[in-house]
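Data block below; observations after.
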Amino acid sequence: MKKNKIAIIGGGNLGVSIAEGLLQSGLSAPGDLIVTRRKTHLLESLKKRGVAVLDDNVKAVKEAHIIILSVKPKQIADVMKEIHPAVDHKKHLVISVVTGVSLSEIMEGIGVKVPLFRAMPNTAIAIRESMTCLTTRNGSKEQKELVQSIFDKLGKAIYIEEELMSAATVLAACGIAYSLRYIRAASQGGIEIGFDAQTAQLIAAQTVKGAASLLIERGEHPEREIDRVTTPQGCTIAGINEMEHRGFSSSLIKGILTSYKSIEKLV
């Protein structure tokens with residue numbers, strides 16, 4: 001990837017996670033990163049590693065080529081108004097990771113026709129294992145590849161239509177919580193059958209990681225992998241059937257739909 005100076009506007013949890021991922025992956029050198037926050041002392045660890053830490057969003061924008069907007073939704077309007085005079089359509093590419101703010105709203109707020117992207121990562125971005133959904137307006141093929149290369153270094157990234165961003169939030173971002181709740185429940189089951197809590201959690205978590213890796217690396221349908229471990233009259237099929245009798249799949253699907261309806265009310 002061609003070296004580009006990146007300014008992350010908003011050094012909260014997500015902004016710092018993106019910065020950490022870029023540094024750990026080697027995609028960005030410390031000198032190519034700027035992170036802004038009013039309380040700059042909270043970013044001391046990044047500063048010690050050579051990252052430019054500023055409390056001036058306009059200065060950060062002027063010094064960068066790629067701008068990542070990572071502020072809270074209630075802050076985005078003020079931030080866009082603030083940085084508007086510094087945004088140059090010939091120089092800048094803008095990426096927003098702000099939940100629930102459309103490309104149209106960002107374009108209107110910035111007031112400059114720039115290559116614009118929305119990215120919806122999840123909290124696993126902190127360990128470079130995020131599922132990030134992307135969409136764009138005015139982004140060229142080269143720019144799309146550039147933005148995807150950034151988020152592929154922080155997990156996996158795909159492009160989707162913007163109208164699916166709310167659905168992506170539910171499936172990928174809320175999905176972290178759904179998965180963790182399964183792991184918690186499996187751990188409790190493990191304790192019931194004899195393991196201590198720490199061992200049960202480790203087994204459950206690694207098993208989920210392995211199951212996900214099987215699907216990602218082999219590209220198989222989940223049922224095909226399930227068939228590999230279900231033998232006639234075996235313990236696996238007995239357990240699966242009992243879970244399904246108790247509404248395992250239907251409860252999960254209903255939960256996803258309920259989350260989606262909830263987020264749609266806010267959009």
Side-chain angles (χ1 to χ4, degrees), residues 3-23 27-47 49-121 123 125-126 132-140 143 146-147 150-151 154 162 165-166 169 173 266-267:
K3 289 296 181 184
N4 290 283
K5 199 154 192 175
I6 299 175
I8 300 173
I9 308 300
N13 290 335
L14 180 55
V16 170
S17 293
I18 293 172
E20 291 281 2
L22 291 172
L23 292 172
L27 195 63
S28 292
D32 293 322
L33 273 181
I34 306 167
V35 183
T36 69
R37 185 165 182 165
R38 288 196 186 96
K39 298 178 180 178
T40 56
H41 67 278
L42 296 175
L43 302 177
E44 194 63 32
S45 62
L46 288 176
K47 189 175 182 179
R49 294 166 66 181
V51 174
V53 173
L54 304 176
D55 60 3
D56 187 335
N57 291 332
V58 173
K59 183 178 180 182
V61 168
K62 287 180 177 179
E63 293 183 5
H65 303 97
I66 297 173
I67 304 164
I68 300 179
L69 300 174
S70 182
V71 296
K72 295 177 181 178
K74 66 181 181 181
Q75 298 171 321
I76 188 65
D78 289 339
V79 168
M80 290 190 295
K81 183 178 180 180
E82 177 188 8
I83 68 173
H84 157 68
V87 177
D88 183 343
H89 72 282
K90 294 181 180 180
K91 174 185 178 182
H92 289 123
L93 181 154
V94 177
I95 305 168
S96 170
V97 294
V98 182
T99 303
V101 181
S102 70
L103 291 172
S104 294
E105 290 173 295
I106 298 165
M107 187 66 74
E108 183 179 351
I110 291 176
V112 180
K113 188 177 180 180
V114 293
L116 183 60
F117 292 78
R118 275 184 72 188
M120 177 53 63
T123 54
I125 200 168
T132 302
C133 293
L134 305 167
T135 191
T136 184
R137 180 174 297 181
N138 304 325
S140 67
Q143 289 165 338
L146 169 63
V147 172
I150 290 173
F151 288 95
L154 304 171
E162 187 176 14
M165 273 297 186
S166 291
T169 301
L266 302 175
V267 176

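Residues take their numbers from the sequence shown, with the count starting at 1.
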- Query: Is the closest side-chain heavy-atom distance between V97 and P121 below 4.5 Å?
  - Reply: yes

- Task: Keeping to residues at least two apart or across chains, list the salt bridge (Lys or Arg N to Asp or Glu O under 4.0 Å) pairs with something in residues 96-106.
- Result: none

- Message: Restricting to non-hydrogen atoms, name the atom on L33 and the atom on S28 that form the minimum distance, rounded to 0.1 Å.
- Response: CG-CB, 4.0 Å

- Query: Are any of the side-chain heavy atoms of L69 and I83 separated by less than 4.5 Å?
  - Reply: yes

- Looking at I66, L134, T132, T136, which one forms a side-chain contact (heavy atoms from CB on, under 4.5 Å) with V147? L134

- Give, for atom CD1 of I106 and atom CZ of F117, the distance between the pair rounded to the nearest 0.5 Å. 12.0 Å

- Sort and list the pairs that fulfil salt bridge (Lys or Arg N to Asp or Glu O under 4.0 Å) and have at least one residue in residues 49-71, not counting sequence neighbours. E20-R49

- Item | N138: side-chain contact (heavy atoms from CB on, under 4.5 Å) partners, not counting sequence neighbours | M107, K113

- Evaluate the side-chain proximity of H65 to L93: yes if any heavy-atom separation is below 4.5 Å, no if none is. no

- Item | Residues forming a side-chain hydrogen bond (donor to acceptor under 3.5 Å, both in side chains) with R137, sequence neighbours excluded | S104

- Message: Tell me every residue that passes side-chain contact (heavy atoms from CB on, under 4.5 Å) with D88, counting only those two or more places apart in sequence or in another chain.
- Response: K90, K91, H92

- Contacts of type side-chain hydrogen bond (donor to acceptor under 3.5 Å, both in side chains), residue S140, not counting sequence neighbours: Q143

- Correct closest heavy-atom pair for L43 and G11 would be CD2-O, 3.5 Å

- Item | Distance (rounded to the nearest 0.5 Å) between L14 CG and S70 OG | 4.0 Å

- Item | Residue pair L146, N4: steps toward the side-chain contact (heavy atoms from CB on, under 4.5 Å) verdict | CA-CA 10 Å; L146 169 63; N4 290 283; 4.1 Å; yes

- Item | Heavy-atom pair of closest approach, residues I9 and A60 | CD1-CB, 4.1 Å

- Query: Do V51 and L23 come close enough that some side-chain heavy atom pair is under 4.5 Å?
  - Reply: yes

- Results of side-chain contact (heavy atoms from CB on, under 4.5 Å) for D78 - residues two or more places apart only: none

- Do you know which two heavy atoms are closest between I95 and A119, and how far apart they sit? CG2-CB, 4.1 Å

- Residue list, side-chain hydrogen bond (donor to acceptor under 3.5 Å, both in side chains) with T36, at least two apart or on another chain: N57

- Item | Pairing residues for S45 by the side-chain hydrogen bond (donor to acceptor under 3.5 Å, both in side chains) criterion, not counting sequence neighbours | none

- Note on the structure: Smallest heavy-atom separation, V71 atom then G10 atom, equals CG1-CA, 4.0 Å

- Message: My understanding is that only residues two or more places apart in sequence, or in another chain, count here; which of them pass salt bridge (charged side-chain N to carboxylate O under 4.0 Å, His left out) with E82?
- Response: none

- Item | Set of residues satisfying side-chain contact (heavy atoms from CB on, under 4.5 Å) with respect to T135, sequence neighbours excluded | L103, R118, E162, M165

- Task: Please check if the side chain of H84 supplies one atom and the backbone of I110 the other of a donor-acceptor pair under 3.5 Å.
- Result: yes

- Note on the structure: Minimal heavy-atom distance between I68 and I6, with the atoms involved, is CD1-CG2, 3.7 Å

